[in-house]
Amino acid sequence: MVAFAISAIVDVALILIALRTVMRRPKGTPLTWGEAFVAASFIFAIFYLSYAMVPHQFITMCDKDFGWRSDVFGIPTGPFYTWPIINGRHNLWANGITFFGHGRILLNEQSVRDILVTNIYGIMFTLHFKLFALANKRGEKGAEVVPVSPYGRPLVRKA
């Protein structure tokens, strides 16, 4: 659990450092070879943490620390089984999710783990593309608003 927490915290810290650095750098500033090498290594470290280390540590945490197995069905509640709404059950929907007698879906604990890891990948993928778009649009100003008359034509002179 500690390894997952540390890797996630370091990943978020590196992303924030990269975002701060990119937003402070003026657009169009020439990049030296050394700066490009350091930036590429930094982005590689972020990708390594986001797509290899954090998901691996989450899977290891679920297998070793939480003991999620493939032969136990239901959605694991973890330490929240003492909450009144969960009512002391360690797994929600242990007999499957039914659809008014027309079938059911059985989820084991490892499939829940895999769904959560897929969500980690999806969140990081979306976040990286949004950060790349933000970095490419830095320093740009919006279109100039031209006042228009009540008829929709642009005003040429002040009335």
Side-chain angles (χ1 to χ4, degrees), residues 1-29 31-140 142:
M1 182 180 285
V2 173
F4 171 70
I6 295 294
S7 63
I9 289 169
V10 170
D11 190 23
V12 169
L14 290 180
I15 290 172
L16 291 176
I17 290 170
L19 180 63
R20 182 171 179 244
T21 304
V22 163
M23 297 313 287
R24 291 180 64 199
R25 185 177 182 86
K27 192 168 189 167
T29 305
L31 195 66
T32 65
W33 183 89
E35 290 173 339
F37 188 79
V38 169
S41 300
F42 198 79
I43 295 298
F44 180 78
I46 291 174
F47 281 177
Y48 175 72
L49 281 167
S50 297
Y51 298 113
M53 185 66 71
V54 172
H56 167 72
Q57 293 300 334
F58 183 78
I59 289 172
T60 304
M61 178 182 67
C62 290
D63 289 345
K64 305 286 187 212
D65 296 339
F66 298 157
W68 291 2
R69 304 181 336 207
S70 62
D71 60 342
V72 179
F73 292 98
I75 299 173
T77 57
F80 306 113
Y81 69 91
T82 57
W83 287 8
I85 194 168
I86 296 177
N87 202 12
R89 293 175 291 181
H90 288 281
N91 286 344
L92 300 176
W93 297 289
N95 296 326
I97 302 171
T98 59
F99 297 100
F100 307 107
H102 298 290
R104 67 181 176 169
I105 296 176
L106 280 174
L107 290 174
N108 59 22
E109 291 176 337
Q110 283 190 350
S111 62
V112 172
R113 175 202 70 186
D114 294 340
I115 290 169
L116 293 174
V117 167
T118 305
N119 286 332
I120 291 173
Y121 282 122
I123 289 168
M124 295 313 287
F125 190 73
T126 305
L127 179 66
H128 287 153
F129 269 96
K130 287 187 182 250
L131 290 174
F132 290 150
L134 183 66
N136 286 331
K137 291 180 183 176
R138 72 182 188 278
E140 291 181 3

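- Classification of the Phe129-Phe132 ring pair by plane angle, with boundaries at 30° and 60°, yields perpendicular.
- The side-chain heavy atoms of Leu19 and Leu134, taken from C-beta on, include a pair separated by under 4.5 Å.
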field: Verdict with reasoning, Ser70 to Asn108, per side chain to side chain donor-acceptor pair (under 3.5 Å)
entry: CA-CA 6 Å; Ser70 62; Asn108 59 22; 5.1 Å; no
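- When only modelled atom types and interatomic distance are considered, Asp114 and Ser111 share no side-chain donor-acceptor pair under 3.5 Å.
- In this structure, the side chains of Ile15 and Leu127 come closer than 4.5 Å at one or more pairs of heavy atoms.
- Looking only at side-chain heavy atoms (C-beta outward), His128 and Ile46 come within less than 4.5 Å of each other.
- Ser7 approaches Leu49 most closely through the heavy-atom pair O-CD2, 4.2 Å.
- When side chains are defined from C-beta on, Met124 does not count as touching Phe47, because their heavy atoms never get closer than 4.5 Å.
- Side-chain atoms of Met53 and Val10, non-hydrogen and from C-beta on, never get closer than 4.5 Å to each other.
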task: Evaluate the criterion side chain to side chain contact (heavy atoms under 4.5 Å, CB included) for residue pair Ile120 and Leu116; output intermediate values, then yes/no.
output: CA-CA 6 Å; Ile120 291 173; Leu116 293 174; 5.8 Å; no
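- In this structure, Phe42 and Thr21 have side chains that are not in contact, with every pair of non-hydrogen atoms separated by 4.5 Å or more.
- For the pair Phe58 and Cys62, the minimum side-chain heavy-atom distance is below 4.5 Å.
- Judged by distance alone, the side chain of Lys27 and the main-chain N or O of Asn136 form a donor-acceptor pair under 3.5 Å.
- In this structure a side-chain-to-backbone donor-acceptor pair under 3.5 Å is present from Arg138 to Ala135.
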